[in-house]
K.L.:
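Just passing along the structure, written as structure tokens.
These figures come from a predicted structure and were not determined experimentally. Along the sequence shown, the residues carry numbers beginning at 1.
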Amino acid sequence: MSGTHCLAEGRRTAIRPYTQADAEEFTTRARESRDMHSPWLFPPDDARAYAAYAGRLIEDPTRAGFLVCERGGGESGADEGGAGDRIAGFININNIVGGAFRCGALGYGAFAHAAGRGLMSEGLGLVLRYAFGPLGLHRLEANIQPANEGSLALVERAGFRLEGFSPDFLFIDGAWRDHERWAITAEMLGQDGV
């Protein structure tokens, strides 16, 4: 897909690492999705911000970034075999800790053209299998604002369990926001994480 190897493929989506070459499509999709993302998240929507954002995900060993791409959904990106790579969304694992902990924190977002089509659900499933397989993690957490119904539904469909509530957890859009803590382990997904 787009010269970048896929890490995993599903029926409708594939996941691959970020590249700096994705800046134009990613930032265009982020601008198109501003209304949908606000007030939950603010992905980079210009080339300079994307370069810094993607650079951290590419270079920092405590982060892993995945672009969820729609298979056969590329406009000009589809090849003759139909394996397009139109970016549907993104899923990042932040604060990766190894050793006895083997955990990371998820951050993610769909783009407007892909919302409500099940692409992020499939993409999250691919990321979970990759995280609990090749990355060797045991646990992933997602911290979600209680009113973000779409995000809550995504993790529930994926099998995450609600573990608690964190008042004033993250500083987002100018204020400290409460979050629900959701988590999944390799055993819950049926993988050993090794």
K.L.:
Taking all atoms of both residues into account, what is the closest heavy-atom pair of L135 and A64, and its distance?
P.N.:
CD1-CB, 4.2 Å
K.L.:
Is there a side chain to side chain contact (heavy atoms under 4.5 Å, CB included) between Y108 and L154 once you walk through the steps?
P.N.:
CA-CA 10 Å; Y108 49 82; L154 178 66; 3.5 Å; yes
K.L.:
Using the ring of each side chain (for Trp, its six-membered ring), is H113 parallel, tilted or perpendicular to F111, with breaks at 30° and 60°?
P.N.:
parallel
K.L.:
Is the side chain of E141 donor-acceptor paired with the backbone N or O of R181 at a distance under 3.5 Å, no angle test?
P.N.:
no
K.L.:
Quick one: pull up CG in L119 and OG1 in T13 and give me the separation to the nearest 0.5 Å.
P.N.:
6.5 Å
K.L.:
Could you give the distance from CD (E163) to CH2 (W182), rounded to the nearest 0.5 Å?
P.N.:
10.0 Å
K.L.:
Please check this pair: side chain of Q145 against backbone of R177, looking for a donor-acceptor N/O pair closer than 3.5 Å.
P.N.:
no
K.L.:
Set out, in order, the CA-CA distance, both residues' side-chain angles and the distance that settles side chain to side chain contact (heavy atoms under 4.5 Å, CB included) for R16 and I87, then state yes or no.
P.N.:
CA-CA 10 Å; R16 65 177 176 82; I87 300 171; 4.2 Å; yes
K.L.:
For G10, is there any backbone N or O sitting under 3.5 Å from a side-chain donor or acceptor partner on R71?
P.N.:
yes
K.L.:
Exactly one of F66, Y18, F90 should register a side chain to side chain contact (heavy atoms under 4.5 Å, CB included) with L57. Which one does?
P.N.:
Y18
K.L.:
Which heavy atom of F165 sits nearest to which heavy atom of P167, and what is that distance?
P.N.:
O-CD, 3.6 Å
K.L.:
Measure the spacing between CZ of R102 and CD1 of I96 and express it to the nearest 0.5 Å.
P.N.:
13.0 Å
K.L.:
Applying side chain to side chain contact (heavy atoms under 4.5 Å, CB included) to D168 and D178, what does each step give before you reach the verdict?
P.N.:
CA-CA 5 Å; D168 301 328; D178 299 343; 3.7 Å; yes
K.L.:
For the backbone of A30 and the side chain of S33, can you confirm whether one donor and one acceptor N or O come within less than 3.5 Å of each other?
P.N.:
no
K.L.:
If two hydrophobic side chains count as joined below 4.5 Å and joins carry through other members, does I15 share a cluster with I93?
P.N.:
yes
K.L.:
Hydrophobic clustering (ILVMFWY, side-chain heavy atoms < 4.5 Å, transitive) - are I172 and L41 grouped together?
P.N.:
no
K.L.:
Given the rule that I, L, V, M, F, W and Y join up when any side-chain heavy atoms are under 4.5 Å apart, are L128 and L162 in one cluster?
P.N.:
yes
K.L.:
Just by modelled atom types, is the N94 backbone N or O under 3.5 Å from a matching donor or acceptor in the N92 side chain?
P.N.:
no
K.L.:
Show the nearest heavy-atom pair for residues A158 and L124, with the distance to one decimal.
P.N.:
CB-CD2, 3.6 Å
K.L.:
Is there side-chain contact between P17 and I58, with at least one heavy-atom pair below 4.5 Å?
P.N.:
no
K.L.:
For A14 and E9, work out which heavy atoms get closest and say how close.
P.N.:
CB-CG, 3.8 Å
K.L.:
So does D35 have more than 12 non-hydrogen atoms from other groups sitting under 6.0 Å from CG?
P.N.:
no
K.L.:
Let me check something: do L152 and M120 share a hydrophobic cluster, defined by ILVMFWY side-chain heavy atoms less than 4.5 Å apart, either directly or through other members?
P.N.:
yes
K.L.:
Under a single-linkage definition using a 4.5 Å side-chain heavy-atom cutoff for Ile, Leu, Val, Met, Phe, Trp and Tyr, are W176 and I144 assigned to the same hydrophobic cluster?
P.N.:
no
K.L.:
About how many Å separate CG of L140 and CE of M188, when rounded to the nearest 0.5 Å?
P.N.:
10.5 Å
K.L.:
Check R139 against A183 and note the closest heavy-atom contact, atom names and distance.
P.N.:
NH2-CB, 3.5 Å
K.L.:
If you measure from CG on L67 to CZ on R29, what distance do you get to the nearest 0.5 Å?
P.N.:
12.0 Å
K.L.:
Answer yes or no: is there a donor N or O on one side and an acceptor on the other, between the side chain of T62 and the main chain of N95, under 3.5 Å?
P.N.:
no
K.L.:
Among Ile, Leu, Val, Met, Phe, Trp and Tyr joined by side-chain contacts under 4.5 Å, find the other residues sharing a cluster with V97 and list them by chain and number.
P.N.:
F101
K.L.:
Quick one, R34 and F42 - any side-chain contact, counting heavy atoms below 4.5 Å?
P.N.:
no
K.L.:
Does A114 offer a backbone N or O that forms a donor-acceptor pair with the side chain of E70 under 3.5 Å?
P.N.:
no
K.L.:
Can you see which heavy atom on A115 is nearest to which on M36, and at what distance?
P.N.:
CB-SD, 3.6 Å
K.L.:
Report the distance from atom OG1 of T185 to atom CZ of F160, rounding to the nearest 0.5 Å.
P.N.:
10.0 Å
